Amino acid sequence: MLCARHVFRCFKWLERAGDRVTGAAGPYFVGLAVILQAIGAASFFAVIQPSLPLRWLTTPPCVLIALNLFMHYYYVCTVPPGFVQDEVLQPGSGRLWASPSQRTSAGVRWSNRGVTLLTASITACRRCGLMRPERAHHCRICGRCVIKYDHHCPLPAGINQCVGLNNERHFVLFMAYLVLSTFFLSIMGYSQALEAVGLTYSNNWPYMVPQLAYILTYMLSVVICIAVFIMLCWHLWGVARGETSVEAQDHEVYKRIARDRGDSFVNSFDLGRSTNLRLFFNIGRDGYPWYTLILPLRIMPYTDGRSWARREGFQRHQGIQEGEELTDDDDDDDA
C-alpha cells in the first residue's frame, strides 16, 4: 500500500511538471505554428498557384481558404476561452463582427425556436474554490476554471490557451481550413513535388522557394492533413453528440454507473445532431447567417454559459443522481 502511494505521488509530480513545461513552452509553439503556416502559404502561392488553370477563377477560393486559416488561428489564440471570473463576452461592432440573422437585445438567443434554455446549476470548484456554472472545468495549466472547457491546446495546433465556450468554434473552423489548405497543397502540388525530388525529366526549378524547403513543406502538409482530419472528425462527432472532450470521458463513466443500477444514461445536452451543430456554430434563424462559416468573421456563442439548451423535459442527465457528477481531481497527493 505504501509503495502504491509513492508511485501515485511520483506520477502526480510528473503530471504537474509536464503541465509547467507545457505552459512555459506555449509561446514557442505559437511562434512555430505561425512560421509553418507562413511557409505553407508561401510555398502554395509561389509554386502551385502560378500553374493553376483559370487562375482568375481558382485563385480567389485559394485566397479565401488561406484568409480563413490565418484569421481563425488568430481568433482561437487571442479570444479568451471563457474564464468563469471574467465578464460575459459582449458582441463587437467592427467590420470583423458578423450581424445576427435577427436583431435581439437578449444576451441568450435560441429561446423561441423549440430550444429550451435552462439556468445552469452552480457548484464549487474543488481546486480553486470558485463558484462556477455547469459544464465548467478547471484547467491545470492555466490554473483557472473555463466555461465549457474542452482542453488546453499547446500542441498540435499551438494556440497556447484553453479551448472553451468563446473560442471553440474558431478552433474547429481553424482545423477545418487547415485540413482544406493542406489537402489542396498535397493534391495540387504533387507534380511539383516529383519535380523537386528529381523524378521528372525536367531539371529546371524556376520557383523562388528552394527545392528542399518545398519538399519538406509538402511532406509535412500530407502528414498534417491526415492527422488533423482525424482530430477534426473526432471533434465534430463530439459536437454532434452535444459534448466536449472532457464530457465525453465523463459520460462513459456515467453510462457504467447507470448500467450497474439497471438504468440508461441520457445526455440532456444532446438535442440531436442537426440542432447540436447549429447551436455550436450558432447559425440559423436565431443565430447568424450561414456565410459566417466561409467568411472569417467573429460571432457570439448561442449562450453566455450561465444557461444551457437541454432536451425537452430534462432538468439534468438521465441515469445520474445528484452528487454523482464527476468533478476535477484534487491536487492532494494522498488522494
Side-chain angles (χ1 to χ4, degrees), residues 11-34 36-37 69 72-87 89 123-130 132-179 224 227-228 230-239 241-253 269 280 301 305 325-333 335:
F11 277 109
K12 292 293 288 185
W13 181 87
L14 290 174
E15 181 182 43
R16 287 193 292 270
D19 292 342
R20 288 192 291 269
V21 171
T22 299
Y28 300 100
F29 293 147
V30 172
L32 178 61
V34 171
L36 291 177
Q37 291 178 57
L69 175 68
H72 284 297
Y73 182 74
Y74 172 76
Y75 292 147
V76 77
C77 289
T78 58
V79 175
F83 295 114
V84 172
Q85 62 269 46
D86 288 354
E87 295 183 1
L89 181 68
T123 58
C125 176
R126 295 175 62 181
R127 285 179 176 267
C128 63
L130 188 70
R132 62 188 188 182
E134 198 172 2
R135 306 191 80 178
H137 286 78
H138 189 92
C139 175
R140 297 194 308 265
I141 298 175
C142 294
R144 304 171 71 181
C145 287
V146 179
I147 300 175
K148 205 183 178 187
Y149 174 81
D150 190 276
H151 67 288
H152 187 99
C153 185
L155 284 175
I159 69 171
N160 191 36
Q161 72 164 339
C162 294
V163 175
L165 174 66
N166 294 338
N167 65 352
E168 61 179 357
R169 180 182 184 273
H170 298 301
F171 178 73
V172 171
L173 287 175
F174 164 68
M175 287 196 297
Y177 283 103
L178 181 58
V179 169
I224 289 177
V228 177
I230 295 173
M231 289 177 53
L232 176 63
C233 291
W234 187 76
H235 272 83
L236 287 176
W237 176 248
V239 171
R241 291 162 58 91
E243 59 188 14
T244 64
S245 300
V246 171
E247 291 171 344
Q249 302 176 37
D250 293 347
H251 292 171
E252 292 300 319
V253 177
F269 301 127
F280 180 86
E325 295 88 351
L326 296 178
T327 58
D328 300 309
D329 296 332
D330 291 323
D331 267 332
D332 187 0
D333 290 335

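The shown structure was predicted, so the numbers you read here are calculated from the model rather than taken from an experiment. Quick note: numbers below take in every heavy atom, side chains included, and nothing from hydrogens, waters or symmetry partners.
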Measure the spacing between CG of Leu69 and CG of Leu173 and express it to the nearest 0.5 Å. 11.5 Å

Between Thr244 and Tyr149, what is the shortest heavy-atom contact and its length? OG1-O, 3.5 Å

Check whether any side-chain heavy atom of His151 lies under 4.5 Å from a side-chain heavy atom of His235, and answer yes or no. yes

Restricting to non-hydrogen atoms, name the atom on Gly164 and the atom on Val146 that form the minimum distance, rounded to 0.1 Å. CA-CG1, 4.0 Å

Sequence neighbours left out, what passes side-chain contact (heavy atoms from CB on, under 4.5 Å) with Trp234? Give chain and number order. Ser245

Using the rule given for side chain to side chain contact (heavy atoms under 4.5 Å, CB included), can you reason through Glu134 versus Phe269, listing the C-alpha separation, both sets of side-chain angles and the distance that settles it, and then say yes or no? CA-CA 11 Å; Glu134 198 172 2; Phe269 301 127; 3.7 Å; yes

Between the CD1 atom in Ile147 and the CD atom in Gln85, the distance rounded to the nearest 0.5 Å is 9.5 Å

May I ask you to test the Val79-Phe171 pair for a side-chain heavy-atom distance under 4.5 Å? no

Checking Gln161 side chain against Val76 main chain: does a donor-acceptor pair fall under 3.5 Å? yes

Inter- and intrachain pairs under side-chain hydrogen bond (donor to acceptor under 3.5 Å, both in side chains), touching residues 164-174, at least two apart: His72-His170, Lys148-Glu168, Arg169-Thr292

So how far is it from Leu165 CG to Phe280 CZ, rounded to the nearest 0.5 Å? 9.5 Å

Answer yes or no: is there a side-chain heavy-atom contact under 4.5 Å between Pro80 and Leu89? no

Find the distance between CD (Glu243) and CG (Asp150) and round it off to the nearest 0.5 Å. 10.0 Å

If we ignore hydrogens and angles and just use 3.5 Å, is the side chain of Gln37 paired with the main-chain N or O of Leu178 as donor and acceptor? no

Check: Asn160 and Cys77 side chains under 4.5 Å, non-hydrogen atoms: no

Across all chains, not counting sequence neighbours, the side-chain contact (heavy atoms from CB on, under 4.5 Å) partners of Glu87 are none

Are any non-hydrogen side-chain atoms of Arg132 and His138 less than 4.5 angstrom apart? yes

